[in-house]
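This report refers to the structure that appears directly beneath it.
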Amino acid sequence: MKFAELHSGQVIRLGPRTVTEGEILEFAGQHDPQWFHTDPRKAAQGRWNGLIASGWHSCGIAMRMIVEGILGDSESFASPGLNYLKWTAPVRPGDRLRVEVVVLETKISSSGSTGSVLWIWRMFNQDEVMVLELEATNLFELGAGRKA
(Lines give C-alpha, C1' and ligand atoms only; values in the text may rest on other atoms or scores of the structure.)
Protein backbone atom coordinates (compact mmCIF):
# COMPACT_ATOMS: atom_id res chain seq x y z
CA MET A 1 0.00 0.00 0.00
CA LYS A 2 1.16 3.51 -0.66
CA PHE A 3 1.20 6.21 2.01
CA ALA A 4 -1.66 8.00 0.24
CA GLU A 5 -3.86 4.91 0.75
CA LEU A 6 -3.55 5.05 4.56
CA HIS A 7 -5.85 7.19 6.67
CA SER A 8 -6.85 7.70 10.30
CA GLY A 9 -9.41 5.18 11.51
CA GLN A 10 -8.58 2.64 8.82
CA VAL A 11 -8.50 -1.02 9.89
CA ILE A 12 -6.44 -3.50 7.86
CA ARG A 13 -6.75 -7.24 8.48
CA LEU A 14 -3.99 -9.67 7.46
CA GLY A 15 -3.48 -13.41 7.67
CA PRO A 16 -4.03 -16.00 8.87
CA ARG A 17 -0.69 -17.76 9.15
CA THR A 18 -0.05 -21.02 11.00
CA VAL A 19 2.94 -21.32 13.34
CA THR A 20 4.82 -24.64 13.40
CA GLU A 21 6.79 -26.25 16.20
CA GLY A 22 9.78 -26.41 13.87
CA GLU A 23 9.88 -22.68 13.29
CA ILE A 24 9.46 -21.98 17.02
CA LEU A 25 12.42 -24.24 17.76
CA GLU A 26 14.51 -22.79 14.94
CA PHE A 27 13.89 -19.16 15.89
CA ALA A 28 14.49 -19.81 19.59
CA GLY A 29 17.63 -21.81 18.91
CA GLN A 30 19.04 -18.88 16.97
CA HIS A 31 17.75 -15.90 18.96
CA ASP A 32 16.07 -16.74 22.29
CA PRO A 33 17.30 -20.12 23.57
CA GLN A 34 15.29 -20.28 26.77
CA TRP A 35 14.07 -23.79 27.63
CA PHE A 36 10.35 -22.99 27.28
CA HIS A 37 11.07 -22.04 23.63
CA THR A 38 13.54 -24.84 22.84
CA ASP A 39 12.74 -27.97 24.87
CA PRO A 40 9.22 -29.35 24.23
CA ARG A 41 9.57 -32.07 26.88
CA LYS A 42 10.70 -29.71 29.63
CA ALA A 43 8.22 -27.03 28.48
CA ALA A 44 5.36 -29.54 28.89
CA GLN A 45 6.16 -29.62 32.62
CA GLY A 46 6.54 -25.84 32.95
CA ARG A 47 4.26 -22.93 33.76
CA TRP A 48 3.01 -22.66 30.16
CA ASN A 49 2.09 -26.37 29.85
CA GLY A 50 3.93 -26.68 26.57
CA LEU A 51 6.26 -25.07 24.11
CA ILE A 52 5.68 -21.38 23.40
CA ALA A 53 7.16 -19.04 20.81
CA SER A 54 9.53 -16.28 21.80
CA GLY A 55 7.83 -12.90 21.95
CA TRP A 56 10.47 -11.69 19.50
CA HIS A 57 9.39 -14.46 17.14
CA SER A 58 5.80 -13.25 17.47
CA CYS A 59 6.99 -9.75 16.53
CA GLY A 60 8.79 -11.18 13.51
CA ILE A 61 5.65 -13.01 12.37
CA ALA A 62 3.62 -9.80 12.69
CA MET A 63 6.32 -7.84 10.83
CA ARG A 64 6.31 -10.35 7.97
CA MET A 65 2.53 -10.07 7.63
CA ILE A 66 2.76 -6.25 7.68
CA VAL A 67 5.46 -6.24 5.00
CA GLU A 68 3.57 -8.69 2.79
CA GLY A 69 0.22 -6.95 3.24
CA ILE A 70 1.08 -3.26 3.58
CA LEU A 71 4.70 -2.13 3.44
CA GLY A 72 6.14 -4.30 0.67
CA ASP A 73 5.25 -2.00 -2.22
CA SER A 74 5.10 1.23 -0.22
CA GLU A 75 7.48 4.13 0.22
CA SER A 76 8.29 3.00 3.80
CA PHE A 77 11.96 3.43 4.66
CA ALA A 78 12.26 3.32 8.46
CA SER A 79 10.63 3.32 11.86
CA PRO A 80 11.84 5.50 14.73
CA GLY A 81 10.50 2.90 17.14
CA LEU A 82 7.63 1.65 19.23
CA ASN A 83 5.64 3.48 21.88
CA TYR A 84 4.85 0.17 23.56
CA LEU A 85 4.97 -3.56 23.01
CA LYS A 86 2.93 -6.18 24.88
CA TRP A 87 2.96 -9.95 24.65
CA THR A 88 -0.50 -10.62 26.03
CA ALA A 89 -0.74 -14.41 25.62
CA PRO A 90 1.63 -17.17 24.47
CA VAL A 91 1.87 -18.31 20.86
CA ARG A 92 1.93 -22.09 20.52
CA PRO A 93 2.67 -24.60 17.76
CA GLY A 94 -0.36 -24.90 15.49
CA ASP A 95 -1.73 -21.45 16.28
CA ARG A 96 -3.34 -19.67 13.32
CA LEU A 97 -2.44 -16.01 13.68
CA ARG A 98 -3.95 -12.95 12.11
CA VAL A 99 -3.00 -9.28 12.42
CA GLU A 100 -5.31 -6.31 12.71
CA VAL A 101 -3.77 -2.90 12.07
CA VAL A 102 -5.53 0.30 13.17
CA VAL A 103 -4.22 3.53 11.67
CA LEU A 104 -4.32 6.19 14.38
CA GLU A 105 -2.79 9.11 12.49
CA THR A 106 -1.05 10.05 9.26
CA LYS A 107 1.05 13.18 8.85
CA ILE A 108 3.16 14.81 6.18
CA SER A 109 6.26 16.76 7.19
CA SER A 110 6.35 20.51 6.62
CA SER A 111 8.76 19.95 3.72
CA GLY A 112 6.36 17.44 2.19
CA SER A 113 9.16 14.92 1.81
CA THR A 114 8.25 12.48 4.59
CA GLY A 115 5.02 10.89 5.69
CA SER A 116 4.51 9.24 9.04
CA VAL A 117 1.93 6.73 10.17
CA LEU A 118 1.13 6.03 13.81
CA TRP A 119 -0.67 2.72 14.14
CA ILE A 120 -1.52 -0.12 16.47
CA TRP A 121 -0.82 -3.71 15.47
CA ARG A 122 -2.74 -6.45 17.25
CA MET A 123 -2.18 -10.13 16.60
CA PHE A 124 -4.82 -12.74 17.49
CA ASN A 125 -4.83 -16.52 17.51
CA GLN A 126 -7.55 -18.81 16.17
CA ASP A 127 -9.55 -18.41 19.40
CA GLU A 128 -9.55 -14.61 19.02
CA VAL A 129 -7.15 -14.27 21.96
CA MET A 130 -4.86 -11.28 21.49
CA VAL A 131 -1.24 -12.48 21.66
CA LEU A 132 0.59 -9.27 20.70
CA GLU A 133 -0.10 -5.56 20.76
CA LEU A 134 2.21 -2.73 19.80
CA GLU A 135 2.05 0.91 18.79
CA ALA A 136 4.54 1.93 16.14
CA THR A 137 5.44 4.78 13.84
CA ASN A 138 6.58 4.18 10.27
CA LEU A 139 8.18 6.73 7.97
CA PHE A 140 7.50 7.02 4.25
CA GLU A 141 9.62 8.73 1.58
CA LEU A 142 7.34 11.06 -0.38
CA GLY A 143 9.82 13.15 -2.34
CA ALA A 144 10.60 16.85 -1.96
CA GLY A 145 7.66 19.21 -1.97
CA ARG A 146 4.88 16.62 -2.04
CA LYS A 147 1.68 17.68 -0.33
CA ALA A 148 -1.39 15.66 0.64
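Source: prediction; values computed, not measured.
Taking hydrophobic clusters as Ile, Leu, Val, Met, Phe, Trp and Tyr residues chained together by side-chain heavy-atom distances below 4.5 Å, I61 shares a cluster with L71. Neither F124 nor L132 shares a network with the other; the hydrophobic side chains, linked directly or stepwise wherever heavy atoms of I, L, V, M, F, W or Y lie under 4.5 Å apart, form separate groups for each. Cluster membership check: V99 does not share its hydrophobic cluster with L104, using side-chain heavy-atom separations under 4.5 Å among Ile, Leu, Val, Met, Phe, Trp and Tyr. Both L6 and L134 are assigned to one and the same hydrophobic cluster, defined by single-linkage of ILVMFWY side chains at heavy-atom distances under 4.5 Å. I52 and M123 fall into different hydrophobic clusters, where Ile, Leu, Val, Met, Phe, Trp and Tyr side chains are chained together by heavy-atom contacts under 4.5 Å.
When atom types are taken as modelled, the side chain of K107 and the backbone of L118 share no donor-acceptor pair closer than 3.5 angstrom. Proximity of a side-chain donor or acceptor of D39 to a complementary backbone N or O of A43 within less than 3.5 Å is not detected. Counting only distance, with no hydrogens or angles, the side chain of N125 and the backbone of D127 share a donor-acceptor pair below 3.5 Å. Side-chain N or O atoms of Q10 include one that pairs as donor or acceptor with a backbone N or O of H7 at under 3.5 Å. E23 places a side-chain N or O within donor-acceptor distance of the main-chain N or O of T20, the cut-off being under 3.5 Å. Distance alone, capped at 3.5 Å, is enough to place a donor-acceptor pair between the D73 side chain and the M1 backbone.
Between atom CD of residue E26 and atom CD of residue E21 there is a gap of 12.5 Å, rounded to the nearest 0.5 Å. Between the CG atom in D32 and the CZ atom in F27 there is a gap of 7.0 Å [rounded to 0.5 Å]. The line from CD of E135 to CG of L85 is 11.5 Å long, rounded to the nearest 0.5 Å. Atom CD of E100 is separated from atom CD1 of I12 by 10.5 Å, given to the nearest 0.5 angstrom.
Using a 4.5 Å cut-off on side-chain heavy atoms (C-beta onward), W87 and V131 make no contact. Between I108 and L142, some side-chain heavy-atom pair lies under the 4.5 Å cut-off. Using a 4.5 Å heavy-atom threshold, the side chains of N138 and S116 count as separate. No side-chain heavy atom of H31 sits under 4.5 Å from any side-chain heavy atom of S54. E105 has its side chain out of reach of V103: every pair of non-hydrogen atoms, C-beta onward, lies at least 4.5 Å apart. Using a 4.5 Å heavy-atom threshold, the side chains of I24 and L51 count as touching. Contact check for E75 versus K2: side-chain heavy atoms found under the 4.5 Å cut-off. Looking at heavy atoms from C-beta onward, S74 lies out of side-chain contact with F3 at the 4.5 angstrom threshold.
The environment of CD in E5 is crowded: more than 12 heavy-atom neighbours from other residues, nucleotides or ligands sit within 6.0 Å.
Its side chain within the 4.5 Å cluster rule, L139 clusters with F77 among the Ile, Leu, Val, Met, Phe, Trp and Tyr residues.
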*Show your reasoning for whether side chain to side chain contact (heavy atoms under 4.5 Å, CB included) applies to Y84 and E133.*
CA-CA 8 Å; Y84 68 84; E133 182 179 54; 3.5 Å; yes
*With side chain to side chain contact (heavy atoms under 4.5 Å, CB included) as the test, would you mind laying out the steps for T114 and F140 before giving the verdict?*
CA-CA 6 Å; T114 305; F140 295 76; 6.0 Å; no
_Verdict with supporting geometry, V102 and R122, side chain to side chain contact (heavy atoms under 4.5 Å, CB included)_ = CA-CA 8 Å; V102 179; R122 294 182 180 108; 3.9 Å; yes
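In terms of heavy-atom proximity, A28 sits nearest to H37 at CB-CB, 3.3 Å. The two residues P33 and T38 come nearest to each other via the heavy atoms CA-CG2, 3.7 Å. In this structure, M63 and W121 approach most closely via the heavy-atom pair SD-CH2, 3.7 Å. Residues M65 and L14 come closest through the heavy atom pair O-CD1, 3.4 Å.
Checked for salt-bridge contact, E128 and R98 meet the test: a charged N lies under 4.0 Å from a carboxylate O.
Judged by distance alone, the side chains of S111 and S109 do bring a donor and an acceptor atom under 3.5 Å apart.
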